[in-house]
Amino acid sequence: MSETAARPVYRVPFVERTGMRRVEEARGHSKLLMPLEGNANHVDVMYLGAFCVLAEAVAAGPGISVIDTATHFPIIKDIAVDFHRMAASDVTGEYTLSEEQIAGLHADLARKGSAGYTAEVPMHDAEGTLVATGRVTVKLLSHDWPGKG
């Protein structure tokens, strides 16, 4: 079995059905796009639930990118979205962990089997206007963390 095949890839079919796609991904960084098509509400603007899914995925991506998924996994502890204005277009969200944050996460994972961070995720419409801000608490846990079970 190859090393890649041994590492879990986190897929969430619900998220995939939104049509959300990657714009940029790198170590500790994620920028995603939520399309308006398929995610509009009854007045043809982005459904608030789509903002929640976008914020969650953008916040989790940087953490996933810096862990060994064969030994650790992410979970969302909580989420809140502040809606600023309607979006009648695709929406992007972006979040980056600093190298200092990444080092702290690795230290916590090694010491106690868990680590966490809170991501502030600004979300912008196609014109660059801030339409929502997500606040997402992400936990990274060892597959055998002491609190499991």
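- Under the 4.5 Å side-chain heavy-atom criterion for ILVMFWY residues, a single connected hydrophobic cluster contains both Met20 and Val12.
- Rounded to the nearest 0.5 Å, atoms CD (Glu37) and CG (Asp44) are 11.5 Å apart.
- Using a 4.5 Å cut-off between side-chain heavy atoms of Ile, Leu, Val, Met, Phe, Trp and Tyr, with links allowed through other members, Val81 and Tyr47 fall into different hydrophobic clusters.
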List the atom pairs, donor and acceptor, that lie under 3.5 Å between side-chain atoms in residues 119-128 and the rest of the protein, sequence neighbours left out.
unit_1 : atom_1 : unit_2 : atom_2 : d
Glu120 : OE2    : Arg135 : NH1    : 2.4
Asp125 : OD1    : Glu127 : N      : 2.9
Asp125 : OD1    : Gly128 : N      : 3.1
Asp125 : OD1    : Thr129 : N      : 2.9

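- Expressed to the nearest 0.5 Å, how far OG of Ser114 lies from CG of Leu105 amounts to 10.5 Å.
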Show me the side-chain donor-acceptor pairs of residues 49-56 shorter than 3.5 Å, one per line, residues at least two apart or across chains.
none

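- Residues that satisfy the side chain to side chain donor-acceptor pair (under 3.5 Å) test with Glu16, not counting sequence neighbours, are Arg11.
- Partners of Arg22 according to the side chain to side chain donor-acceptor pair (under 3.5 Å) rule, which considers only residues two or more places apart in sequence or in another chain, are Glu25.
- With sequence neighbours excluded, no residue forms a salt bridge (charged side-chain N to carboxylate O under 4.0 Å, His left out) with Arg85.
- Residues forming a side chain to side chain contact (heavy atoms under 4.5 Å, CB included) with Thr96 (at least two apart in sequence, or on another chain): His29.
- In terms of heavy-atom proximity, Gly28 sits nearest to Val66 at N-CG1, 3.8 Å.
- A distance of 9.5 Å separates CG of Leu32 from OG1 of Thr92, quoted to the nearest 0.5 Å.
- Across all their heavy atoms, Thr69 and His143 have their closest contact at O-NE2, 3.3 Å.
- Rounding to the nearest 0.5 Å places OG of Ser30 at 8.5 Å from CD1 of Ile64.
- Here the straight-line distance linking atom CZ of Arg17 with atom CG of Asn39 works out to 11.5 Å at 0.5 Å rounding.
- Partners of Asp78 under the side chain to side chain donor-acceptor pair (under 3.5 Å) rule, at least two apart in sequence or in another chain, are Thr137.
- In this structure a side-chain-to-backbone donor-acceptor pair under 3.5 Å is present from Tyr117 to Ala59.
- Taking CD from Glu94 and NZ from Lys31, the interatomic distance works out to 5.0 Å, rounded to the nearest 0.5 Å.
- Applying the 4.5 Å side-chain rule to ILVMFWY residues, one finds Leu33 in the same cluster as Val23.
- For Glu99, the salt bridge (charged side-chain N to carboxylate O under 4.0 Å, His left out) test picks out Arg27, with sequence neighbours left out.
- Pairing each heavy atom of Leu97 with each of Gly63, the nearest pair is CD1-N, 3.8 Å.
- Residues satisfying the side chain to side chain contact (heavy atoms under 4.5 Å, CB included) criterion with Leu36, sequence neighbours excluded, are Ala40, Met46, Asp90.
- Every side chain to side chain contact (heavy atoms under 4.5 Å, CB included) that His84 has, sequence neighbours left out, goes to Asp82, Leu130, Thr133.
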Show your working on side chain to side chain contact (heavy atoms under 4.5 Å, CB included) between Thr118 and Val136 and close with a plain yes or no. CA-CA 5 Å; Thr118 300; Val136 184; over 6 Å; no
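- Every residue meeting the side chain to side chain contact (heavy atoms under 4.5 Å, CB included) condition with Arg111, not counting sequence neighbours, appears here in chain and number order: Asp108.
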